[in-house]
**Q** 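Got a structure here, written out as structure tokens. Questions coming.
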Protein chains: 2
Amino acid sequence: MDTALDRAVRVFCERGYHATSIGDLTAAMRLATGSVYKAFRDKQAVFLAAFDRYAAVRREQTRSAAARGSSGRERVRHMLLSYVAHSQGIEGRRGCIVVGGAVELAALDPEVRARVNAQIETNEAFIAGLIREGQADGSIPRHVDADDTARLMICITQGMRVVGKARLPLDGERLVGVAMKLLA
Amino acid sequence: MDTALDRAVRVFCERGYHATSIGDLTAAMRLATGSVYKAFRDKQAVFLAAFDRYAAVRREQTRSAAARGSSGRERVRHMLLSYVAHSQGIEGRRGCIVVGGAVELAALDPEVRARVNAQIETNEAFIAGLIREGQADGSIPRHVDADDTARLMICITQGMRVVGKARLPLDGERLVGVAMKLLA
DNA sequence: TTTATTAGGAAACAATCATTCCCTATTGTC
DNA sequence: GACAATAGGGAATGATTGTTTCCTAATAAA
């Protein structure tokens, strides 16, 4: 069932919510219609489950990417580089469920909006934490406002997913090189 | 007809493409089904026309916001402030057709993808131009890479639309204050 | 072995979708 | 004033949607 949910994640990522029919879902999950409705209340429930799964996986990937850095500053850099990588190529084209949910559903579906907000705020707090670590270890100046900078970096990462979905190329080293000025 | 198209823009902005039915469209445009299909080939044609109209209006708004600045640097600042303003409140909740088109349709619809790309690249070139103006008038250092910085700023602006759609508050002065470090 | 419970599958359901067709005013032309 | 042309409106249509229902096969308990 978890593997079926992973397949649902892929479909929702690349087609979004409304363009994904139950037929698309059953084909991707390799389950019959009845089986899907036995496991989930309705289509939205499948989406919410897929959202949660996607969010958990991405959180872990982002955290482990950041962990590759040896200072707070380097951890921010690796986190941004990881985001560029995920926004590009085949995965970039596939897209991000959080961004998709925000754009397609957040306006009208309070349940989705709550999850999108929670995910964004968690990420933002994580980035602010990295910045504070950097200030503690001396790799990031004290005068940098951790919260404001984190929120701007959230905009950057979410924006990269939009640009990546449109298949515009992103040069990781150059883009992140510029973004690191925010920690000056 | 132009006023009807403006109303179509609003609906497509807040509901997206697939969640907008012809019924929603006719109700918003105050036109009967037959009239819509007399003016446009199909639903996608309505969307493309709405997209073009929205893009033209937003381009003008962004340009006039930038024009309020007296130096290249100040023009970039005003342009970013304008983006924050449009990403917030009722308009932020309504959303951006370009971001919506990118996230919802760019993966599968080449025609929409081409327009999204064109709009993003036009904006990016405009921002790069502002930066070069600032370098010419001495308000922005020469060592700033105009193209890389413009691309990052595109990510910032597109990301702000995503965050704004999720109804998270954005403090314009603080956010732009941090972003202006990119011109240091 | 028998029975109860569950996971999974396919067909049927009503509702909604985008689209087409045809009718009615209104406008401009001769 | 008569007529052609067109813009707009609304009902009808076929396809597709999400959902439900019922059936089969497999598994666990007794």
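Convention: sequence-line order gives letters A, B, ...; per-chain numbering from 1.
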**Q** Over how many whole Å does the gap from A:L25 atom CG to D:dT16 atom C1' extend?
**A** 16 Å

**Q** Provide the full list of ring-ring contact (aromatic ring centres under 6.0 Å, His included) pairs with a residue in residues 19-62 of chain B, sequence neighbours left out, each pair given once.
**A** B:F12-B:F47, B:Y17-B:F47

**Q** Sequence neighbours left out, what pairs pass salt bridge (charged side-chain N to carboxylate O under 4.0 Å, His left out) with at least one residue falling in residues 101-117 of chain B?
**A** B:D52-B:R115

**Q** Using a 4.0 Å heavy-atom cut-off, write out nucleotides 9-23 of chain C from 5' to 3' as B (base contacted by protein), S (sugar-phosphate only) or - (no contact).
**A** BB------SSBBB--

**Q** Using atom types as modelled, flag every donor-acceptor pair under 3.5 Å from a side chain in residues 177-184 of chain A to any protein atom, sequence neighbours excluded.
**A**
from, atom 1, to, atom 2, distance (Å)
A:K181, NZ, B:L182, O, 3.1
A:K181, NZ, B:A184, O, 3.2

**Q** Between side-chain atoms of residues 25-34 of chain B and protein atoms elsewhere (two or more places apart, or another chain), which donor-acceptor pairs fall under 3.5 Å?
**A**
from, atom 1, to, atom 2, distance (Å)
B:T26, OG1, B:I22, O, 3.2
B:T26, OG1, B:G23, O, 2.9

**Q** Does anything in residues 66-119 of chain B pair up under ring-ring contact (aromatic ring centres under 6.0 Å, His included), and if so which pairs, sequence neighbours excluded?
**A** none

